[in-house]
Amino acid sequence: MPIQNTDISRIFNHIADLLEISGANAFRVRAYRNAARTVEDQSRSIVKMLEDGEDLAELPDIGKDLAEKIAEIAETGTLEMLDELEQKVPGELSKLLEIQQLGPKRVATLYHELGIESLEDLKKAAEDEKIRELEGFGKKTEQKILKELKRVQDSAKRTKLADAEQIVIPLCEYLQKIDGVKQVTIAGSYRRRRETVGDLDILVTCKKDSTVMERFTGYEDVTEVIAQGKTKSSIRLRSGLQVDLRVVPEVSYGAALYYFTGSKAHNVAVRKIAVKKNLKMNEYGVFKGKEDDEERVAGSDEEEVFASVGLAFIPPELRENRGEIEAAQEGCLPVLIDRSDIRGELHAHTHATDGRASLQEMVEAARSLGYSYLAITEHSQAVTVAKGLNRKRLEKQIEEIEKLTNEYGGFRILKGIEVDILKDGSLDLPDEVLAKLDFTICSVHSHFNLSADKQTERILRAMDNPYFNILGHPSGRLINEREAYPLNMEKIMKGAKERGVILELNAHPDRLDLNDHHCRMAKEMGIKIAINTDAHSTDGLNNMKYGIYQARRGWLSKDDVINTRRVAELLKFFKR
DNA sequence: GCCGTTTTCGGCCCGACTGTTTTCAGTCG
């Protein structure tokens with residue numbers, strides 16, 4: 001298995017943890033974390049860049065030293081420096097940092113005073129009431145550690161965006177009804193529309209005497225009040241999700257919203273720009289002048305906060321410090337795709353296979369969304385569990401669609417198929433049948449465990465078929481459930497570009513496949529994207545919004561996406 | 001360990017809450 005970018009970033013983050021525990025310079029620690037992020041954010045393989053003779057020290061936050069360390073990892077899979085570090089502090093200690101309440105200082109104390117090296121050691125020491133005796137610890141901290149140990153075991157995963165939505169919307173409605181509450185906004189990674197969220201950040205403006213904090217911690221779904229103050233409180237809900245509430249004055253609303261939307265990396269980078277302009281930026285506003293004579297220059301809305309540091313407004317989805325700040329300075333941010341740009345759905349199933357609605361119901365639902373076309377794309381015969389269509393049943397469906405089309409003037413029902421890519425790279429239905437369709441989506445639903453080379457070859461071979469139009473859910477991952485299959489995405493994209501193949505951004509909230517990095521990579525390579533819900537019911541068509549979120553995170557504009565086109569123009573993309 | 005329109009040294013974002021304290025360190029976001 002070649003060294004992936006995530007392998008390198010994992011090693012750097014691990015080093016940062018261990019350095020921190022061993023009391024190293026905090027800025028040196030940060031340097032490793034910054035570098036880990038840079039590596040993670042590269043859409044191209046770092047090892048490949050190295051092989052191509054590129055100078056990695058040109059990348060942000062990577063200097064001569066870390067470039068050499070990356071080269072060592074690429075060559076040996078590990079770092080001599082890490083081995084040496086682990087002589088000083090056991091590697092497992094970094095796991096203790098996952099426990100809330102435990103940072104590097106306390107972990108160091110636990111290690112040096114009690115010899116604790118693992119979560120098991122920690123549990124035993126807490127149960128034996130040894131921890132409360134340490135300096136800087138106490139009974140309460142010990143009890144919190146025990147509670148945390150249980151939680152970390154139960155759930156370590158981030159919450160999918162759509163699941164978080166189900167939880168947070170009722171909570172916001174509850175907050176909105178409280179006396180004196182004005183604005184209620186969800187900030188954080190939720191507002192940036194990340195595919196998963198770690199916790200939720202809610203921002204509230206209210207009258208001075210509002211009881212919103214007490215009501216928040218008293219919400220019926222709360223299982224634990226983690227912290228409660230005048231302006232900030234944290235709770236844990238039954239689902240395990242942590243929610244932070246911040247109360248800010250209206251005059252600071254924009255600054256606070258900006259601050260708590262993040263990402264942290266984005267904020268840090270923008271605040272550096274502010275410092276250079278002799279401005280101070282925090283959640284209360286942007287300020288000019290000395291401490292005793294401060295003047296607020298921005299704060300009530302986000303636009304003026306951006307303007308105060310010379311930036312165009314950056315949509316939340318882009319705030320990851322992946323080049324959006326430079327683009328905002330130069331005035332060349334992309335105009336991101338919007339939900340209203342979508343003119344039709346290109347991936348839907350009916351109860352002919354594993355869908356739950358009839359052909360007619362799906363058409364009605366698509367029409368009520370204001371679409372002008374809907375493609376029916378059933379599974380093919382290889383997917384037996386989904387009652388995939390064979391040649392005969394597909395031909396029958398084609399007839400049904402043609403008949404129904406005559407009943408709906410102005411609305412186009414496209415004839416498609418989600419045909420399986422078989423193990424040898426052939427397609428699951430003969431070419432002469434595929435020729436009768438408007439287009440095909442071709443997907444991998446089996447043999448996920450081939451090597452990256454074999455899987456890549458398999459898909460490229462399938463793409464050689466002139467009837468191959470869209471590659472369905474290209475990586476095969478299911479968020480929190482199944483990793484993407486090993487694949488050389490760069491090669492796949494190159495192959496798609498050469499052959500005029502379109503890539504699907506599957507909008508299902510469990511898939512969101514392509515991910516944001518891959519969307520951006522495709523855009524940069526000039527590959528077109530289809531945002532498809534893969535709807536198995538009429539309601540499933542509404543998942544389009546999650547696809548739009550992901551597309552926006554991937555810097556996509558209307559022009560990058562084919563189902564923003566009118567049907568006549570759309571069909572041209574399927575001519576190879 | 002990185003970085004440079006304060007450029008090879010000396011900086012490196014900023015504030016709230018908790019628990020263990022007697023004025024603040026540690027942690028978190």
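In the text below, chain A, chain B and the rest are named by the order of the sequence lines, each starting its count at 1.
- Between the CZ atom of A:R215 and the CG atom of A:L175 there is a distance of 9.0 Å, given to the nearest 0.5 Å.
- Nucleic acid contact class of A:K276 (heavy atoms, under 4.0 Å, all strands): none.
- Contacts between residues 115-129 of chain A and DNA chain B, defined by a heavy-atom separation under 4.0 Å, are absent.
- In this structure, A:I15 places its CD1 atom 12 Å from C1' of B:dG1, rounding to the nearest Å.
- Taking atom P on both nucleotides, B:dG15 is separated from B:dC9 by 31 Å, rounded to a whole Å.
- For A:D61, the side-chain atoms get nearest to B:dC2 when compared with the rest of B:dC2, B:dG1, B:dC12.
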Acceptor/donor pairs from residues 53-64 of chain A side chains to any protein atom, 3.5 angstrom cut, sequence neighbours excluded:
unit_1	atom_1	unit_2	atom_2	d
A:E54	OE2	A:R44	NH1	3.2
A:E54	OE2	A:R44	NH2	3.0
A:D55	OD1	A:A57	N	3.1

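- A cation-pi arrangement, defined by a distance under 6.0 Å to the six-membered ring centre and an angle within 45 degrees of its axis, is absent between A:R194 and A:Y190.
- Between B:dT20 and B:dG26, the two P atoms lie 14 Å apart (nearest whole Å).
- Using C1' as the reference atom, B:dC2 and B:dT8 are 12 Å apart when rounded to the nearest Å.
- Rounded to whole Å, the separation between the P atoms of B:dC12 and B:dT7 comes to 15 Å.
- In this structure, the CG atom of A:N278 is 13 Å from the C1' atom of B:dT5, given to the nearest Å.
- When only modelled atom types and interatomic distance are considered, A:T205 and A:Q183 share a side-chain donor-acceptor pair under 3.5 Å.
- Nucleotide B:dC2 holds its P atom 12 Å from the CG atom of A:N25, rounded to whole Å.
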Could you go through residues 309-326 of chain A and list every donor-acceptor pair under 3.5 Å that involves a side-chain atom there, pairing it with any protein atom two or more places apart or in another chain?
unit_1	atom_1	unit_2	atom_2	d
A:E317	OE2	A:R552	NE	2.7
A:R319	NE	A:I314	O	2.8
A:R319	NH1	A:E302	OE2	3.0
A:R319	NH2	A:E302	OE1	3.2
A:R319	NH2	A:I314	O	2.9
A:E320	OE2	A:R192	NE	2.8
A:E320	OE2	A:R553	NH1	3.1
A:E320	OE2	A:R553	NH2	3.1
A:R322	NE	A:D41	OD1	3.2
A:R322	NH1	A:D516	OD2	3.3
A:E324	OE1	A:N321	N	3.2
A:E324	OE1	A:R322	N	2.7
A:E324	OE2	A:H266	ND1	2.7
A:E324	OE2	A:E320	N	3.0
A:E324	OE2	A:N321	N	2.5

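- The phosphate of B:dC14 has neither OP1 nor OP2 within less than 4.0 Å of any side-chain N or O from A:Y258.
- Listed nucleotides B:dC12, B:dC14, B:dG1 differ in distance to A:N282; the shortest reach to its side chain belongs to B:dC14.
- Of the N and O atoms on the side chains of A:T261 and A:R191, at least one donor lies less than 3.5 Å from an acceptor on the other residue.
- Checked against B:dC17, B:dC2, B:dC12, the side chain of A:L66 finds its nearest nucleotide in B:dC2.
- Atom CD of A:E72 is separated from atom P of B:dG1 by 13 Å (rounded to the nearest Å).
- At B:dT20, one or more side-chain N or O atoms of A:T141 fall inside 4.0 Å of OP1 or OP2 (strictly under the cut-off).
- Judged as a ring-ring contact (aromatic ring centres under 6.0 Å, His included), and not counting sequence neighbours, the contacts of A:F12 are A:Y32.
- Checked against ring-ring contact (aromatic ring centres under 6.0 Å, His included), A:H518 has no partners two or more places apart in sequence or in another chain.
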Tell me, with the steps shown, if A:E113 and A:E133 meet side-chain contact (heavy atoms from CB on, under 4.5 Å).
-> CA-CA 10 Å; A:E113 300 296 321; A:E133 289 158 19; over 6 Å; no
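- Toward the 5′ end of DNA chain B lies the nearest nucleotide of A:G63, the other residue of the pair A:A227 and A:G63 mapping further downstream.
- Between B:dT6 and B:dG11, the distance separating the two P atoms is 15 Å to the nearest Å.
- Here, B:dT5 and B:dG1 have their C1' atoms 23 Å apart, quoted to the whole Å.
- In the set B:dC12, B:dG1, B:dT18, B:dT18 carries the atom at the smallest distance from any side-chain atom of A:K144.
- Look at A:K280 and you'll find a side-chain N or O under 4.0 angstrom from OP1 or OP2 of B:dG15.
- In this entry the distance linking NZ of A:K272 with P of B:dC3 reads 9 Å, nearest Å.
- Going from atom CG of A:L512 over to atom CG of A:L505 covers 7.0 Å, rounded to the nearest 0.5 Å.
- Pairing for B:dT8 is absent, judged as Watson-Crick or G-U wobble with the two contacts each under 3.5 Å.
- Toward the 5′ end of DNA chain B lies the nearest nucleotide of A:M281, the other residue of the pair A:K140 and A:M281 mapping further downstream.
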5' to 3', nucleotides 21-29 of chain B under a 4.0 Å protein heavy-atom cut-off (B base, S sugar-phosphate only, - none) gives S----SSSB
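- The A:K69 side chain lies nearest to B:dG1 when the options are B:dC17, B:dG1, B:dG19.
- A distance of about 25 Å separates the P atoms of B:dT23 and B:dC28, rounded to the whole Å.
- Between A:F306 and A:Y258, the distance from one ring center to the other falls under 6.0 angstrom.
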